[in-house]
Structures are given as C-alpha cells and as structure tokens.
Asks: 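This is the structure I have questions about; it appears just below.
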Amino acid sequence: MALPSQLRQGQLAGKQQPPRSTAAAVIAAPRLVQQQRQQQLALMRAAAAADASVSVDQTLNPLVASLSVSKTMALTDLARSMKESGIDVIGLAAGEPDFDTPEEIVDAGIEALRDGFTRYTPNTGTSKLRQAIVDKLKVDNGLEYSPDEIVVSNGAKQAIWQGLLATVSPGDEVIIPAPYWVSYPEMARLAGANPVVVPTSAEQGFLMSPEQLEAALTPKSRLLILCTPSNPTGAVYPAEHLEALAKVVARHPRLLVMSDEIYESICYEPARHVSFAGLPDMWGRTLTVNGFSKAYAMTGWRLGYLAAPKHFAKAAAAIQSQSTSGASSIAQQAALAALALGPRGGKPVAQMVAAFRERRDYVVERLQQIPGVKLAEPQGAFYVLPDMSAFFGPGVEAKGYGPIPDADALAMYLIQQAHVALVPGDAFGAPECIRISYAASMATLKEALDRLVRALQPDVFTRSS
C-alpha cells in the first residue's frame, strides 16, 4: 500500500521533523516516532476498509470441506455450555472414564516436572517407554515387537490417523464394520481412501461375519479396521470369530488390518480380549493401536501408541516427525508408572473395571425395563447402544416438544427436555440407535435413567398414520 508523500519524506501532519542534532530533538524523538506509527496504522486501517469490497477466497481443501464434525464432541460441548448457563445437564456423551488417574501415575508425572524432565523426547518416544510397551505387549498380548516397531503418539487417535495415512493411497478402500467409532470413515476420506461400511446388527452381536467381510472385499481393498472391545457397542470379538476373519484376510495379499485395542482392559468375563496380530500369519499384516486413556483414566494426558512391522512403523514415525513430533515428556514418564502397575493394569485398573461392570449391569437392567427399547448387552468398554427407533420416525411427535423424525431429533429432545446428553447413533453408522456412556457414578446414572424413563413414557409420543 502506498503511503502519502509527507510520510515517505519523513514528515508528520505537514510538519518537518526537528533537526536531529539538537537536544530537544533527542528528547522528542520517542514521542514523534510513536506519533508516526499511530498515523501509519490509521492509514493502513483506512486502506483495509477501502479494500473491504474485495472478497477473500475462502476455498477449503475439498477433503477438509467434506469432513463431518464429531457429534460426540458437539453434544458434549452443548451439554457443557448448558451447564455453564446454569442448567442441570447430565452428560453421558463423551467416552471418558470419570475416575481420577491412579495416584502412582500422577506422582510420576509430578516427579517428572520436578526433575526437569520437560524437554523434547525422541520422535517415537523415549527408549524406556518403548521398551516397556514391548514388554507389556509380550506379557499381556503374546505379541513380539522390538522398540523400533513402536511409535508413541499424542493419543491413540493420532496413532490411528498416522497408520491410515501411512498405508492407504487415494482410491483405496477401507473396510469398516458398523456400528463404528465416529472418526474411522472421516479419517479414511481425509487420507483419500473410500470407506466401505459393513452393517452389523444386535441380533448378530454387532460382530461382522467372515461372509460379510469376503463380500465387501475388492481389488481396491487395502485396510480392515477392527475395534474390540468396541466403541460404540461394547461387543468383544471371540478368538474363534477373529480366527475365521483372519482366514479371509489371508486370502487377500494386499489387505492389512488395523486393530484398535484401546479398550482391551475393559472386558467383562467370560469375554476375553484377543489381539489380532497374535493370530496365525497375521503379525506382518496388522497395525496394533493402543494407549493409556481408557484403561488408566488418562484421557487428558494424551498418550497412545502404534505397534507394527518396522516398514509401517517407520512410515508412521515419518508422518509424526513432520506434524507433532514426539509426545509429552511428562505424559511418557507417567505412562511408565502406568505400565509398572502390573499385567493388564494391576489392581487400580481391576477396580475400575469392576465398577464399570456394576454400572453396565444397572444401566442394562433399567433400559430393558423401558417399553420400546431393544438392547444387546455389551461385553466390554463402557457404552451401551440401544435401539430407540420406537421413539422416532415419520409422523412421530413428543407432546409439548414437536416432531421427532430421527435419532438426531430424539437426542435433542432428551437434552432439552430431560437434560441428559446422549449421542445419536447415525454418527456411528447405526441410525436406529442412541449411544449412552456409563462412565459416570452410580448416583449420576440413577438420576440420568430416572430422567430418561420419564421422558420416554409411552403417552408422551404420538405417531400419525
């Protein structure tokens, strides 16, 4: 932008600057410079205002423009906003344990701070933590890895994203059983791949059959994503079922498997977690993702990891090196303490799992007593995914509220009328369902279920023909 000639010539408001050789000029110089800067800023603002008629190109990358916002985050944020405005909302939307991080882990984080362990770590994680993860995978999962096949990241979500980006190419297909975690399809699209959703039902335990997998595969199929225990269903794939899926995978040389095992410690007997990489001939095809958020109640510490054959681990590490670099040094020291608690998290994790089971039993019992609710009992994680289609659809209305055409509208009805925040199932590829997290105290869950029972009374809903 061209400035007026008087400013170009060192003048201010038509007056020459005082001679610099005089003492008065030296004293006045700072004030004069400040005046000049203010004048220049005023001129620049005026020029910007004059150019406001020129539109700014706000085009986004098409991949980003097509992304859907996470409904889990949207409902959680809405509930938080309502709470801040004084409304008593119970949030059962977020997938976050309500427990505090175990004391031993917290102490390790504090000690790291006090010891000055606050600098960058190696990109893939400290050598001590990667070795501890190797040991954990051997003891808990029967998997053999070396430290250079481990990539520690800022949460399991980052590990999934980097694993996807490292292995799929534009036009590839990513096989995703539904119901699924909300981010799988969006991550696949962001990587330029095409998500291929394979629907499952409560009648089949929300488990994809080998026949369904075979039917979904094409020459473009590159990656199968499995989450067991599952978010959002709580389904746990039995060993024999995984073995049958592995036989299908083995017949397709190009097909890899991403095994999301973030909920592995939260299984309810007789269900038992099995790592896909431990199945015959599957180690070389499998990228295993895990972390510390769910089992150890460390969601805010943001720490996860990828375990994969060196070729894939190296590619994921390269992506991380050019994006976030290494994870938090303090969180990594805390993770060492978490892994030192013992196999499968030791006593602290066992206590949390016992509490989750008690809550699951209570929530399932209460939901099954509500006419119109259909529910498959979860075997792991801390979610239920009931079929709530009896309460919405064409012509359905709630008295005093209005139309309830779909699960989105039902979720909005429940947060506005019952003040309970849940997540509509279409976010998970299950449009007939609602996801409820029972990672909350028993007192909170009791109050939430009482509110839901009142809001879902049969006489509240009408259906026009």
Side-chain angles (χ1 to χ4, degrees), residues 48 51-78 81 93-95 123-124 151-198 216 218-225 227 231-232 254-258 260 262 287 289 291 293 299 302-306 308 311-328 408 423-429 431:
D51 291 341
S53 59
V54 179
S55 62
V56 176
D57 184 350
Q58 296 182 334
T59 302
L60 298 175
N61 182 317
L63 290 174
V64 175
S66 66
L67 288 180
S68 299
V69 177
S70 168
K71 288 187 179 180
T72 302
M73 293 295 96
L75 268 296
T76 300
D77 290 346
L78 176 59
S81 176
N123 177 52
T124 57
V151 180
V152 178
S153 58
N154 298 279
K157 179 179 282 190
Q158 183 178 3
I160 293 169
W161 164 239
Q162 290 174 171
L164 257 165
L165 193 59
T167 55
V168 304
S169 301
D172 280 347
E173 294 175 346
V174 178
I175 312 302
I176 304 172
Y180 47 70
W181 180 51
V182 295
S183 294
Y184 294 148
E186 301 304 324
M187 287 183 176
R189 292 188 185 99
L190 196 57
N194 298 315
V196 176
V197 174
V198 179
T218 74
K220 293 182 178 180
S221 301
R222 177 58 173 162
L223 188 68
L224 164 65
I225 300 181
C227 180
N231 172 11
R254 192 169 180 266
L255 187 62
L256 304 176
V257 177
M258 179 173 287
D260 182 352
I262 190 67
L287 292 79
V289 173
S293 296
T299 51
R302 305 310 304 134
L303 205 68
Y305 58 87
L306 173 75
H311 175 71
F312 299 124
K314 184 178 179 180
I319 296 169
Q320 182 160 296
S321 73
Q322 298 294 354
S323 53
T324 64
S325 300
S328 161
D408 278 33
V423 187
D426 64 332
F428 309 99

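What you see below is based on every heavy atom in this structure, not just the backbone, and it leaves out hydrogens, waters and symmetry mates.
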Asks: Tabulate below the donor-acceptor pairs under 3.5 Å that side-chain atoms of residues 177-187 make, not counting sequence neighbours, or state none.
Replies:
unit_1: Tyr184; atom_1: OH; unit_2: Asp260; atom_2: OD2; d: 2.5
unit_1: Glu186; atom_1: OE1; unit_2: Ser68; atom_2: N; d: 3.3
unit_1: Glu186; atom_1: OE2; unit_2: Arg189; atom_2: NH1; d: 2.9

Asks: Work out which heavy atom in Ala317 is nearest to a heavy atom in Asn123; give both atom names and the distance.
Replies: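 It is O-ND2, 2.9 Å.
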
Asks: With sequence neighbours excluded, tell me which residues meet side-chain hydrogen bond (donor to acceptor under 3.5 Å, both in side chains) with Asn194.
Replies: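 For Asn194, no residue satisfies side-chain hydrogen bond (donor to acceptor under 3.5 Å, both in side chains) once neighbours in sequence are set aside.
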
Asks: Which residues pass the side-chain hydrogen bond (donor to acceptor under 3.5 Å, both in side chains) test with Thr299, sequence neighbours left out?
Replies: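 Per chain and number, Thr299 pairs via side-chain hydrogen bond (donor to acceptor under 3.5 Å, both in side chains) with Glu96.
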
Asks: Which distance, rounded to the nearest 0.5 Å, do you find between the CG of Leu306 and the CD of Gln320?
Replies: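 One gets 9.5 Å once the value is rounded to the nearest 0.5 Å.
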
Asks: Given side chains that start at C-beta, do those of Leu287 and Val257 come closer than 4.5 Å, heavy atoms only?
Replies: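 SC-SC contact between Leu287 and Val257 ruled out.
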
Asks: Taking Ser81 for its side chain and Leu78 for its backbone only, find out whether a donor-acceptor pair lies under 3.5 Å.
Replies: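 Checked: no pair found.
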
Asks: Looking only at non-hydrogen atoms, find the nearest pair between Val168 and Leu223 and report the distance.
Replies: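 Closest heavy-atom pair between Val168 and Leu223: CG1-CB, 4.2 Å.
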
Asks: Identify the heavy atoms of Met258 and Val289 that sit nearest to each other, and give their distance.
Replies: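 For Met258 versus Val289, the nearest heavy atoms are CG-CG2, 4.2 Å.
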
Asks: If you round to the nearest 0.5 Å, how far is OG1 of Thr167 from CG of Asp172?
Replies: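 These two atoms lie 8.5 Å from each other.
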
Asks: Calculate, to the nearest 0.5 Å, the distance between atoms OG and NZ belonging to Ser321 and Lys314 respectively.
Replies: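 So the OG of Ser321 and the NZ of Lys314 are separated by 11.5 Å.
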
Asks: In Å and rounded to the nearest 0.5 Å, what is the CD1 to CG distance from Ile225 to Leu256?
Replies: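 So the CD1 of Ile225 and the CG of Leu256 are separated by 11.5 Å.
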
Asks: Who passes side-chain contact (heavy atoms from CB on, under 4.5 Å) against Leu190, sequence neighbours left out?
Replies: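 Leu190 satisfies side-chain contact (heavy atoms from CB on, under 4.5 Å) with Leu63, Val64, Leu67, Trp161 once adjacent residues are dropped.
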
Asks: Identify the two heavy atoms, one from Val174 and one from Leu164, that lie closest to each other, and give their separation to 0.1 Å.
Replies: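 Closest approach of Val174 to Leu164, heavy atoms only: CG2-CD2, 4.0 Å.
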
Asks: OG of Ser221 to CZ of Arg254: how many Å apart, nearest 0.5 Å?
Replies: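 One finds 8.5 Å between OG of Ser221 and CZ of Arg254.
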
Asks: Between Ile175 and Ala216, what is the shortest heavy-atom contact and its length?
Replies: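 Smallest interatomic distance, heavy atoms only, reads CD1-O, 3.9 Å.
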
Asks: Please enumerate all residues that pass side-chain hydrogen bond (donor to acceptor under 3.5 Å, both in side chains) together with Thr324, with sequence neighbours excluded.
Replies: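 Per chain and number, Thr324 pairs via side-chain hydrogen bond (donor to acceptor under 3.5 Å, both in side chains) with Asn154, Gln158.
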
Asks: For the SG atom of Cys227 and the CD1 atom of Ile262, what is their distance to the nearest 0.5 Å?
Replies: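 Cys227 atom SG to Ile262 atom CD1 measures 9.0 Å (nearest 0.5 Å).
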
Asks: According to side-chain hydrogen bond (donor to acceptor under 3.5 Å, both in side chains), who are the partners of Thr218, at least two apart in sequence or on a separate chain?
Replies: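 With sequence neighbours excluded, Thr218 shows a side-chain hydrogen bond (donor to acceptor under 3.5 Å, both in side chains) to Glu173, given in chain and number order.
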
Asks: Please report the closest heavy-atom contact between Arg302 and Ser293, naming both atoms and the distance.
Replies: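 Taking every non-hydrogen atom into account, NH1-OG, 3.7 Å.
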
